[in-house]
Amino acid sequence: KSNTSDGGAIAASGVRNITGGTFENNEAKKTSGAIFIGKNNSASISNATFKGNKASTGGAIYSSKEFSVSNTTFENNTANWAGAIFSSKKLTLNDVTFKNNKVASAGGALYLQGGAEIKNSTFTENSSVSDGGAVYSVDADIDIDNCTFEKNDSKARGGALLLGVQNNPTVNYTIKN
């Protein structure tokens, strides 16, 4: 638990490649309940689980550098902004599950500022009080391919997706309920 700053479990500025592991019930006062990825080098995460993490921004992960996530689950993470992942640079996701992540503002699972490529992923029961029940993305290109959005909720705009007017999305997805 980080009571003063960022990264409840890990704060990293260099190259970080994480394979496996469970990040559970970590908390940070500011950003990244579990992992803070600094702007110096890229990172990758695979075969991991993020559950019950909490922060003001980025319930599980906050990144200011391009990074990728694969074969990973994000469940029950909470934040004011970005229940699971906040990314200011390009985010690449493949075979990632987002379930029951919640925010007091925007981006139930994802808050994207730097664009994203999202493939073969599932977004279920994520919610926001403001915009983007599952995904909030403004002024960023986003490609979504073979993804499922089910029972996501926003009290304002974009129950599953809020894609801002500057986006140039390429989208192939299924929305249920």
Test salt bridge (charged side-chain N to carboxylate O under 4.0 Å, His left out) applied to D131 and R157, step by step: CA-CA 5 Å; D131 299 323; R157 303 176 297 167; 2.9 Å; yes
Residue among N94, T148, N71 satisfying side-chain hydrogen bond (donor to acceptor under 3.5 Å, both in side chains) with N120: N94
Heavy-atom side-chain proximity of I144 to L161 below 4.5 angstrom: yes
Donor-acceptor pair, distance only, cut-off 3.5 Å: does the side chain of [X] make one with the backbone of [Y]?
X: S154; Y: S130; result: yes
X: N77; Y: N53; result: yes
X: T92; Y: S68; result: no

What distance separates [X] [atom1] from [Y] [atom2], expressed to the nearest 0.5 Å?
X: S128; Y: D153; atom1: OG; atom2: CG; value: 7.0 Å
X: S63; Y: F86; atom1: OG; atom2: CZ; value: 9.5 Å
X: I118; Y: F123; atom1: CD1; atom2: CZ; value: 4.5 Å
X: E75; Y: N101; atom1: CD; atom2: CG; value: 8.0 Å
X: F67; Y: I18; atom1: CZ; atom2: CD1; value: 10.0 Å
X: E125; Y: N76; atom1: CD; atom2: CG; value: 9.5 Å

Shared hydrophobic cluster for V103 and F149 (ILVMFWY, side-chain gaps under 4.5 Å): no
Member of V69, I61, T73, I85 meeting the side-chain contact (heavy atoms from CB on, under 4.5 Å) criterion with F50: I61
Whether F98 and F74 hold their rings parallel, tilted or perpendicular, with breakpoints at 30° and 60°: parallel
Verdict with reasoning, N17 to T19, per side-chain contact (heavy atoms from CB on, under 4.5 Å): CA-CA 7 Å; N17 298 311; T19 303; 5.6 Å; no
Over 12 foreign heavy atoms within 6.0 Å of NZ, K102: yes
Side chains of S70 and D95, donor plus acceptor under 3.5 Å: no
Nearest heavy atoms of S64 and K89, plus distance in Å: O-CG, 3.4 Å
